[in-house]
Asks: 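Quick one: structure below, then a few questions.
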Amino acid sequence: MKLRRVVIALTVLVAAAAPAAAADISAGRELARKWCSECHVLGAVPSGAPGQGPAFADVARMPSTTGLSLSVFLRSSHANMPNLILTPTESDDLVAYILSLAGKS
C-alpha cells in the first residue's frame with residue numbers, strides 16, 4: 001500500500017511538472033460547466049445561488065491554489081465529491097480554467 005502511494009505521488013508530480021502551455025482554458029470552462037456546475041458556482045465573478053462546493057473564483061483566489069495543488073486535488077478521492085476520472089488533458093484544461101479566474105498561470 002505504501003509503495004502504491006509513492007507511485008501515485010510520483011505520477012502526479014511528473015504530470016503536474018509537464019508544460020501547462022498546452023492547456024485549453026475554454027475546454028476547461030466547458031468541462032466545468034458540464035461536470036462541476038451542479039455543485040460549484042463557475043466564473044470569475046460568482047453569481048447565482050451558491051452550490052454545495054466553493055465557488056471556483058474563491059478557490060482560484062486562495063493563496064494555496066497553484067497548478068500543482070489543483071492537479072493533486074483533482075487526482076485524489078474526496079468523500080464530498082464524485083470520483084471524477086479525468087484524462088491528463090482534461091485535468092490540465094480544468095486547472096488552467098480555474099487558475100484563469102484569478103489571473104494565475
Asks: To the nearest 0.5 Å, how far apart are CG in D58 and CD1 in I98?
Replies: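 Answer for the CG-CD1 pair, D58 versus I98, is 12.0 Å.
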Asks: Drop me the distance from L84's CG to S76's OG, to the nearest 0.5 angstrom.
Replies: 12.0 Å
Asks: Return the set of residues passing side chain to side chain contact (heavy atoms under 4.5 Å, CB included) with S26 (not counting sequence neighbours), or none when no residue passes.
Replies: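 Result, side chain to side chain contact (heavy atoms under 4.5 Å, CB included) vs S26: D24, R29.
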Asks: Between L74 and S91, which heavy-atom pair has the shortest distance, and what is it?
Replies: CD1-OG, 3.9 Å
Asks: How about V59 and L70: do any of their side-chain heavy atoms sit closer than 4.5 Å?
Replies: yes
Asks: Counting distance only, does the side-chain N/O of H40 pair as donor-acceptor with the main-chain N or O of A55 below 3.5 Å?
Replies: no
Asks: Any heavy-atom pair between the side chains of W35 and L86 that's under 4.5 Å?
Replies: yes
Asks: Tell me, please, which residues at least two apart from S69 pass side-chain hydrogen bond (donor to acceptor under 3.5 Å, both in side chains).
Replies: T66
Asks: Testing the basics here: between A27 and D93, what is the closest heavy-atom pair and its distance to 0.1 Å?
Replies: CB-OD2, 3.5 Å
Asks: Could you pull out the closest heavy-atom pair between L94 and G28, with the gap in Å?
Replies: CD1-O, 3.6 Å
Asks: Are any side-chain N or O atoms of S100 and backbone N or O atoms of Y97, one a donor and one an acceptor, separated by less than 3.5 Å?
Replies: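 Pair found, side chain donor or acceptor close to backbone of Y97.
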Asks: Is there side-chain contact between R75 and P88, with heavy atoms separated by less than 4.5 Å?
Replies: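 Yes, side chains in contact.
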Asks: Can you sort out the partners of T87 under side chain to side chain contact (heavy atoms under 4.5 Å, CB included), two or more places apart, ordered by chain and number?
Replies: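 Listed in chain order: T89, E90.
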Asks: Show the nearest heavy-atom pair for residues L101 and A60, with the distance to one decimal.
Replies: CB-CB, 3.9 Å
